[in-house]
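This report refers to the structure that appears directly beneath it.
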There are 2 protein chains.
Amino acid sequence: MNYLETINTPSDIKNMSVPELNTLAKEIRTAILNRVSQTGGHVGPNLGAVEIIIALHYVFNSPTDKFIFDVSHQSYAHKILTGRKYGFLNKEYFNQISGYTNPQESEHDLFMVGHTSTSISLACGVAKARDFAKRNENVIALIGDGSLGGGEALEGLNFASELNSNLIIIINDNEMSIAENHGGLYKNLRLLRETKGTAQNNMFKAWGLDYQYISDGHNIETLIQTFKQIKNINNPIVLHIHTTKGKGFSFAEKNKEYWHYQMPFNLQTGESTFQYSTGENYNTLTVNYLTQKVKQNKNIVVLTAGTPGALGFSPEKRLEMGKNLIDVGIMEEHAVAMCSGLAKNGTKPIFWVLSPFVQRTYDQLSHDLALNNNPAVILVSWNGIMGNDATHLGTFDISMMSNIPNLICLAPTSKEEYFAMLEWAITCQSHPVVIRVPSMVFSSSAPVDIDYDNLNQFQTIQTGNTIAICALGSFLPLGYQVLEKLRKRQINATLINPRFYSGIDTHLLNNLKENHKLIVTLEDGELDGGFGEKISRFYGSSNMKVLNFGAKKEFTDRIPLEKLYEKYHLTPDLIVQDIFTTLKE
Amino acid sequence: MNYLETINTPSDIKNMSVPELNTLAKEIRTAILNRVSQTGGHVGPNLGAVEIIIALHYVFNSPTDKFIFDVSHQSYAHKILTGRKYGFLNKEYFNQISGYTNPQESEHDLFMVGHTSTSISLACGVAKARDFAKRNENVIALIGDGSLGGGEALEGLNFASELNSNLIIIINDNEMSIAENHGGLYKNLRLLRETKGTAQNNMFKAWGLDYQYISDGHNIETLIQTFKQIKNINNPIVLHIHTTKGKGFSFAEKNKEYWHYQMPFNLQTGESTFQYSTGENYNTLTVNYLTQKVKQNKNIVVLTAGTPGALGFSPEKRLEMGKNLIDVGIMEEHAVAMCSGLAKNGTKPIFWVLSPFVQRTYDQLSHDLALNNNPAVILVSWNGIMGNDATHLGTFDISMMSNIPNLICLAPTSKEEYFAMLEWAITCQSHPVVIRVPSMVFSSSAPVDIDYDNLNQFQTIQTGNTIAICALGSFLPLGYQVLEKLRKRQINATLINPRFYSGIDTHLLNNLKENHKLIVTLEDGELDGGFGEKISRFYGSSNMKVLNFGAKKEFTDRIPLEKLYEKYHLTPDLIVQDIFTTLKE
């Protein structure tokens with residue numbers, strides 16, 4: 001670390017020679033690998049962008065010139081060069097630096113970003129604001145080829161052509177999305193790579209954008225020359241740079257998808273050092289179920305929007321699924337609309353998506369799918385209150401989805417119930433059905449209904465009195481714990497598994513009025529607009545008291561889950577305490 | 001009407017000659033104009049697509065072959081040819097036929113659609129389902145050039161290239177969006193028109209799509225020939241057809257934007273016969289305010305996503321706004337992300353959008369804007385419970401927006417309060433601010449706060465006891481009516497203007513417990529996930545009773561507003577009746 005030690009701000013690299021910058025690139029790779037091998041993180045995309053970022057900071061003057069990173073998966077070298085190297089070199093500081101750009105960390109970061117396809121539109125705004133202020137800084141968006149297919153990125157690219165001022169859009173083309181790329185635009189990127197940017201047919205030029213191609217995105221000298229040449233350019237330009245995903249780490253160069261994101265690993269062997277929980281997980285269970293299911297029923301098609309690996313579809317499992325698995329690329333909107341078309345014309349689509357990304361499809365869920373009541377199935381994984389980064393929370397999907405008419409939303413509480421619901425959802429012909437897949441697998445020998453045609457019918461697990469606990473989905477175990485605590489205090493409470501969160505069981509809730517004073521709702525998501533509020537509204541005109549437990553409406557950033565549970569009173573003791581306080585009032 | 005009288009299904013045109021079809025086209029135009037001149041409707045786009053639709057039904061066999069209409073603005077001729085001519089010829093039946101495709105009207109309509117940019121993705125699903133079923137019908141998406149810029153359409157186009165089977169994408173290029181087009185892709189469409197489709201640089205071919213150009217989209221013979229030639233094609237193809245928006249109605253051919261959609265008019269003179277309300281309206285007030293405001297403060301920029309006219313920006317007012325008005329085209333996602341960029345770099349963006357379309361931006365509102373707390377302003381018009389078509393409801397925005405953290409949502413109750421809120425929102429530097437613009441203008445001499453820094457502070461308009469009415473935004477007049485009714489029954493109720501709907505005033509609500517038994521909330525939107533539920537949750541653990549009034553979670557389709565109000569108990573009498581029922585319980 002001869003050079004990195006001396007670098008605290010981008011200006012520290014401006015007098016370095018090209019050979020020195022090349023050595024610096026190696027040191028930065030070492031720093032990146034030092035961190036990700038211990039904390040996990042985005043390996044491949046960050047390693048591939050090191051030279052681009054060094055050259056950017058060499059030629060441009062951040063933070064006067066504005067760098068906007070798409071999805072932040074390529075931002076580590078930028079963080080290292082902008083005073084945050086300690087977050088990569090020193091274990092003690094790993095937690096202080098997030099895996100995403102974050103204005104609270106540094107003035108060199110403009111936005112907190114963890115979703116793809118946002119950089120060009122954000123940059124258009126930053127550039128336009130510069131023009132209004134009659135300043136002349138450079139505005140640079142750095143976007144990967146995989147993110148370019150998202151509708152927001154394409155809208156941004158379309159609009160960019162209307163700017164008559166400086167905007168530099170760097171496409172870091174490593175020939176990969178998270179997994180392989182999908183869609184016609186990648187045919188054009190390939191043609192442009194193969195012709196070194198000279199092909200007549202060029203989508204960027206077709207849209208009126210200036211264009212330049214760099215075939216070796218790891219050649220710092222070329223990068224610097226080109227950046228110098230286009231610095232202060234007075235029109236929007238696309239700089240198409242070819243790089244190698246995972247550059248400089250042989251394992252990552254070989255298996256690009258596996259190394260897109262990895263949990264901690266051994267630097268020498270590449271082997272994972274992460275202690276995966278040994279028990280069952282819903283990804284594997286679901287993938288196994290679906291691979292079997294499509295063998296019996298060729299009419300089922302599973303869709304993913306760029307994240308087959310994160311869902312457990314290994315390359316082998318993808319082969320097994322064959323044409324019954326469609327990865328549309330990072331185009332969630334297209335996935336939902338396509339589901340509506342598939343269902344309308346007689347196929348049974350299952351769109352499997354993570355909670356933070358399903359929120360990219362509100363209008364497609366509402367207008368394209370639910371308004372038409374086409375019977376698609378949507379599986380929402382990676383949901384619930386989480387201790388991770390603010391850009392990848394799973395707190396909001398209940399509120400976002402359950403208030404859309406016609407969407408039937410189901411929250412299973414056990415493995416057995418999950419598969420019963422999924423079987424039913426596949427046969428359902430009357431509505432689109434959402435299933436919120438829990439993070440933890442519980443198995444239960446309790447009888448499970450196979451028919452959910454009777455919408456909004458809650459299930460009473462234990463009949464008691466005075467207090468009823470209505471514990472949704474993954475919070476049923478918490479419900480049991482509260483039940484047990486109450487039993488110790490001589491209260492024989494009722495426990496309810498609502499199963500549905502898009503509506504309420506008015507019959508059951510009315511019956512509870514007879515010998516209950518208080519209903520407690522537990523949900524693994526934000527309270528505002530959530531499931532519990534529907535119960536509160538129902539009982540508003542009665543004497544029944546209601547206590548809703550769930551998350552506060554807020555973006556939380558890397559706050560440990562236990563702390564969040566404590567803050568939200570989502571522990572058995574705090575819940576029981578609140579129950580007794582309420583009963584005394 | 002020699003021909004139209006004899007046509008009841010598409011098969012009735014299959015033996016007609018080209019001259020006969022040309023006469024039929026005239027008759028269809030007469031029928032369209034007969035309807036829209038009396039009911040209002042989409043004039044220009046429908047008139048421009050008559051020949052395309054005749055030729056489609058001549059060559060293809062609907063409903064076996066599947067026609068998918070983008071946004072439905074071009075579907076009238078299709079409706080006329082598929083057994084629904086009475087809805088255009090006979091006043092009695094106008095109401096039975098909606099202005100949008102609707103599977104409940106006809107098996108020839110696949111989807112209920114009123115938002116743009118959906119057709120290609122829907123068609124990809126329909127085509128893929130056909131392939132799964134090993135059938136071979138043609139799947140045809142008809143999309144206007146204006147709709148093509150939306151991210152969902154571009155995602156669909158990108159994916160379409162991956163289909164190895166029949167998909168016919170017809171781009172009806174009339175050189176217009178609702179207003180003028182914006183963005184780089186329109187540069188390519190122009191080049192393709194100018195070169196009659198022969199330009200080397202072709203965005204569709206760049207994306208691996210087959211492509212053909214038709215320069216005269218009103219020549220039925222050419223259309224039929226081309227359609228016959230590509231019928232049963234085994235790969236996706238883009239058919240780029242040049243048409244004249246408003247074709248055959250001279251007024252509409254001349255002023256294309258004005259005639260995109262019109263209220264009833266005189267067929268001979270083109271003059272509007274619609275009785276616009278003579279009072280003030282928020283569009284005019286807001287446009288006047290903004291044109292003045294940007295003269296004082298050059299740092300304010302107003303954004304619209306393709307609907308400047310619908311908001312009251314006449315071509316003259318647009319000139320007056322100059323560069324301080326940006327129409328991004330129908331790209332709502334880009335608009336919101338761009339706002340975040342503008343606000344971050346020191347400009348004050350105001351995105352003005354209609355409620356049904358702001359729902360296209362959930363993720364941009366949440367991740368791009370609110371997570372970053374960049375201080376943009378969003379004005380949401382065309383909101384509230386409505387008697388119109390199911391695709392253009394304003395019922396859902398409270399629930400969709402108010403549960404996103406960091407968004408400050410304000411509901412003004414009078415003209416004076418609206419402009420005070422807007423002034424404050426423009427100066428606010430800490431948060432993005434949403435203002436829900438009411439439909440009806442009320443003026444009030446009551447003092448209005450100019451400072452809303454104290455978030456979630458409700459305003460007590462009248463202090464009473466026993467019952468408190470919390471009437472949000474446009475429902476304040478309803479609150480006054482309830483107050484008056486209660487007064488007549490010797491109850492001196494409290495009336496509250498909450499002003500904020502993204503949070504609650506816990507201090508004020510706690511104080512109400514002293515001498516109130518029941519809180520009534522009134523909101524002009526769906527109850528599920530809405531404002532009232534936040535109040536119900538707050539009081540859940542107390543003895544306070546709460547009654548929430550608002551819309552049911554449902555898509556309503558052309559149900560008169562009075563009927564909806566009756567159904568939802570949103571009349572003073574029904575509210576008072578419910579109040580007394582609750583008090584007696």
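Hydrogens, waters and symmetry mates play no part in the numbers below; they use all other heavy atoms, side chains included. The sequence lines fix the lettering, A, B, ..., with proteins before strands; numbering per chain opens at 1.
- Heavy-atom distances place the backbone of A:Ser402, and not its side chain, under 4.5 Å from chain B.
- Although no hydrogens or angles enter the test, the distance criterion places a donor-acceptor pair under 3.5 Å between the side chain of A:His367 and the main chain of B:Gly114.
- Of the listed residues (A:Leu393, A:Leu547, A:Leu110), the greatest number of heavy-atom pairs within a distance under 4.5 Å of chain B belongs to A:Leu110.
- Put simply, the side chain of B:Asn372 gets close to the backbone of A:Met112: a donor and an acceptor are under 3.5 Å apart.
- No more than 12 heavy-atom neighbours from other residues, nucleotides or ligands sit within 6.0 angstrom of NZ on B:Lys552.
- Contacts between A:Thr395 and chain B at a heavy-atom distance below 4.5 Å are absent for every atom of the residue.
- Within the cation-pi definition used here (under 6.0 Å to the ring centroid, within 45° of the axis), A:Lys323 qualifies as a partner of B:Phe132.
- Between chain B and the options A:Val301, A:Leu154, A:Asn548, A:Thr582, heavy-atom pairs under 4.5 Å are most frequent for A:Leu154.
- The closest donor-acceptor contact from the side chain of A:Lys187 to the backbone of B:Ser161 lies under 3.5 Å.
- Every residue was checked against the side-chain hydrogen bond (donor to acceptor under 3.5 Å, both in side chains) condition with A:Thr361, not counting sequence neighbours, and none meets it.
- Legend: residues meeting side chain to side chain contact (heavy atoms under 4.5 Å, CB included) with B:Glu333, ordered by chain and number and at least two apart, are A:Glu152, A:Glu155, A:Glu333, B:Gln364.
- Contacts between A:Ala160 and chain B at a heavy-atom distance below 4.5 Å are absent for every atom of the residue.
- If you take CE on B:Met203 and CE on A:Met203, they are separated by 8.0 Å, rounding to the nearest 0.5 Å.
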